[in-house]
**Student:** 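Pasting in a structure now, in structure tokens, and then I'll have a few things to ask.
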Protein chains: 2
Amino acid sequence: MPENERGARARTRQAILSAAIDVLGQNPAAALSEIAAAAEVGRTTLHRYFPERSDLLRAVAAEGSSRLDRATASAKLSEGSGADALLRLCREYFDLGSLLSLIFTDPDCLGGATPILDDGCDDRFTAMIDRGHRDGTIDIALPAPWLSSLMWSQLYAGWSYVSQQGASRHEVLELVVRTVDGAVAPRAVS
Amino acid sequence: MPENERGARARTRQAILSAAIDVLGQNPAAALSEIAAAAEVGRTTLHRYFPERSDLLRAVAAEGSSRLDRATASAKLSEGSGADALLRLCREYFDLGSLLSLIFTDPDCLGGATPILDDGCDDRFTAMIDRGHRDGTIDIALPAPWLSSLMWSQLYAGWSYVSQQGASRHEVLELVVRTVDGAVAPRAVS
DNA sequence: CTGAAGTGGAACACCTCCGTTCCACTAGAG
DNA sequence: CTCTAGTGGAACGGAGGTGTTCCACTTCAG
């Protein structure tokens with residue numbers, strides 16, 4: 001879609017997209033006028049870039065998938081132990097910010113690339129968990145799809161904690177990492 | 001509200017309330033016609049019991065708070081170690097079923113009794129966590145509000161896992177308990 | 001200055017949902 | 001049977017969101 005757009009057009013387009021991610025993350029049923037206001041743009045202008053609501057949603061899905069893919073790539077899931085890779089992924093995803101809310105509250109918004117409720121959607125994720133099962137850093141009793149749900153729910157909880165209470169991003173990220181780490185670690189033999 | 005209602009009236013009223021919890025949990029912006037259809041009731045009948053949408057939402061809040069209180073009482077938070085009490089609470093809350101979705105996706109729906117994003121809303125909960133901190137069964141580094149967020153997000157993740165995939169309630173509950181337990185346990189001294 | 005690009009406001013028709021009214025139907029009590 | 005409670009359908013006006021059109025304004029390149 002963003003073919004041959006530069007300068008003002010590209011900037012406005014990006015502002016609308018970012019505003020849409022923020023607003024729709026708070027309320028997936030938000031009116032277009034709210035999104036336009038958040039982007040500090042007239043509703044007319046919004047319609048110029050995205051004629052119909054569905055056009056905007058498609059673009060949001062594309063933008064979200066792109067940010068998600070970049071974060072996934074940064075985590076280098078194939079390096080280190082399985083648990084280390086999972087925690088790296090948590091740290092990268094946490095930086096997605098308000099996109100976390102959108103992905104979590106509207107799992108269908110990313111179209112086919114829905115990362116949450118999928119029986120093992122992402123091959124890289126599943127491979128990472130399998131590696132953790134083998135190298136003993138992830139409890140064998142916890143299947144990959146559940147760990148995906150676990151991770152996303154904790155990321156969302158952490159992000160809500162930051163954005164609704166005035167908590168520090170870094171402190172909360174450490175809480176998330178701490179609890180995910182504890183959750184996946186194999187039990188001590190009792 | 002449910003003053004002097006018996007027989008058919010009480011039954012219809014309850015059917016509408018349960019349907020509302022189910023439907024609103026899936027989509028907080030659902031139309032009244034959807035709720036009426038889910039309750040197998042005409043929209044006219046729904047309006048007879050709850051003249052305005054806000055009336056229905058108030059009744060849902062009351063019903064939800066009531067179920068929540070019953071579950072909390074059943075967990076006997078003041079008995080046993082802090083961690084044991086927390087896990088008992090998870091088991092009781094898990095039985096709330098679709099109410100979990102409603103509470104999680106629309107935290108304001110329960111009015112003042114919002115259990116999730118509150119800096120230590122519930123005294124019994126905070127007391128339980130404090131006890132766990134003292135008796136060494138809950139990691140001292142994890143504050144009560146975060147553990148509340150943690151628990152609710154895991155319960156919601158578990159319930160979604162059950163209702164969207166065909167997973168077994170009991171198996172998923174054990175996964176939730178397993179991961180919450182691991183998350184709150186104090187770290188081994190390394 | 002002139003023209004083009006980008007923008008925002010106002011107004012409109014359309015649709016959906018909401019709340020209301022009215023009427024017809026059914027089941028059960030007497 | 002008759003009367004009543006409970007119900008559901010049809011229809012309407014109002015409110016809000018959507019998509020569209022038209023026009024006035026600003027900015028910037030030439």
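Residue numbers begin at 1 in each chain, while the letters A, B, ... track the order of the sequences. These numbers were taken from a predicted model, which means no experiment stands behind them. As a basis for the values below, the full set of heavy atoms in this structure was taken, side chains included, without hydrogen atoms, waters or symmetry mates.
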**Student:** Could you please name the option among D/dG17, D/dG19, C/dG8 that lies closest to any side-chain atom of A/A31?
**Tutor:** D/dG17

**Student:** For C/dT7, does either OP1 or OP2 sit under 4.0 Å from a side-chain N or O belonging to A/T44?
**Tutor:** no

**Student:** Is B/R67 paired with B/E63 through a side-chain N to carboxylate O contact shorter than 4.0 Å?
**Tutor:** yes

**Student:** Are B/D181 and B/R178 within salt-bridge range, i.e. N to O under 4.0 Å?
**Tutor:** no

**Student:** Whole angstrom is fine here: how far is it from CG in A/L46 over to P in C/dG8?
**Tutor:** 10 Å

**Student:** Taking for each residue the nucleotide of DNA chain C with the nearest heavy atom, is it A/V41 or B/L32 whose nucleotide lies nearer the 5' end?
**Tutor:** A/V41

**Student:** Starting at the 5' end of DNA chain C, which residue's closest nucleotide do you reach first, B/R48 or B/E34?
**Tutor:** B/E34

**Student:** Please assess B/R169 against B/E174 for the test salt bridge (charged side-chain N to carboxylate O under 4.0 Å, His left out), listing each intermediate value before the final yes or no.
**Tutor:** CA-CA 9 Å; B/R169 284 172 80 114; B/E174 293 314 311; over 6 Å; no

**Student:** Which nucleotide sits closest to the side chain of B/E52: D/dT18, C/dG8, C/dG19?
**Tutor:** C/dG19

**Student:** How close or far is atom P of D/dG6 from atom CZ of B/R13, stated in whole angstroms?
**Tutor:** 13 Å

**Student:** Side-chain N or O of A/T12 less than 4.0 angstrom from OP1 or OP2 on C/dT7?
**Tutor:** yes

**Student:** In whole angstrom, give the distance that lies between atom NE2 of B/H47 and atom C1' of D/dA10.
**Tutor:** 14 Å

**Student:** Is a donor-acceptor contact shorter than 3.5 angstrom present between the side chain of B/R43 and the base of C/dG19?
**Tutor:** yes

**Student:** From CG of B/D55 over to C1' of C/dC18, roughly how many Å is that when rounded to an integer?
**Tutor:** 13 Å

**Student:** Please report, rounded to the nearest Å, how far the C1' atom of C/dT20 is from the CZ atom of B/F50.
**Tutor:** 18 Å

**Student:** C/dT7 phosphate, OP1 or OP2: any side-chain N/O from A/Y49 under 4.0 angstrom?
**Tutor:** yes

**Student:** Taking the side chain of B/R9 as heavy atoms from C-beta outward, which of D/dG6, C/dT20, D/dT18 is closest to it?
**Tutor:** D/dG6

**Student:** Are A/Y156 and B/F104 close enough that their ring centres sit under 6.0 Å apart?
**Tutor:** yes

**Student:** Within the 4.5 Å heavy-atom criterion, are A/T137 and A/D84 side-chain neighbours or not?
**Tutor:** no

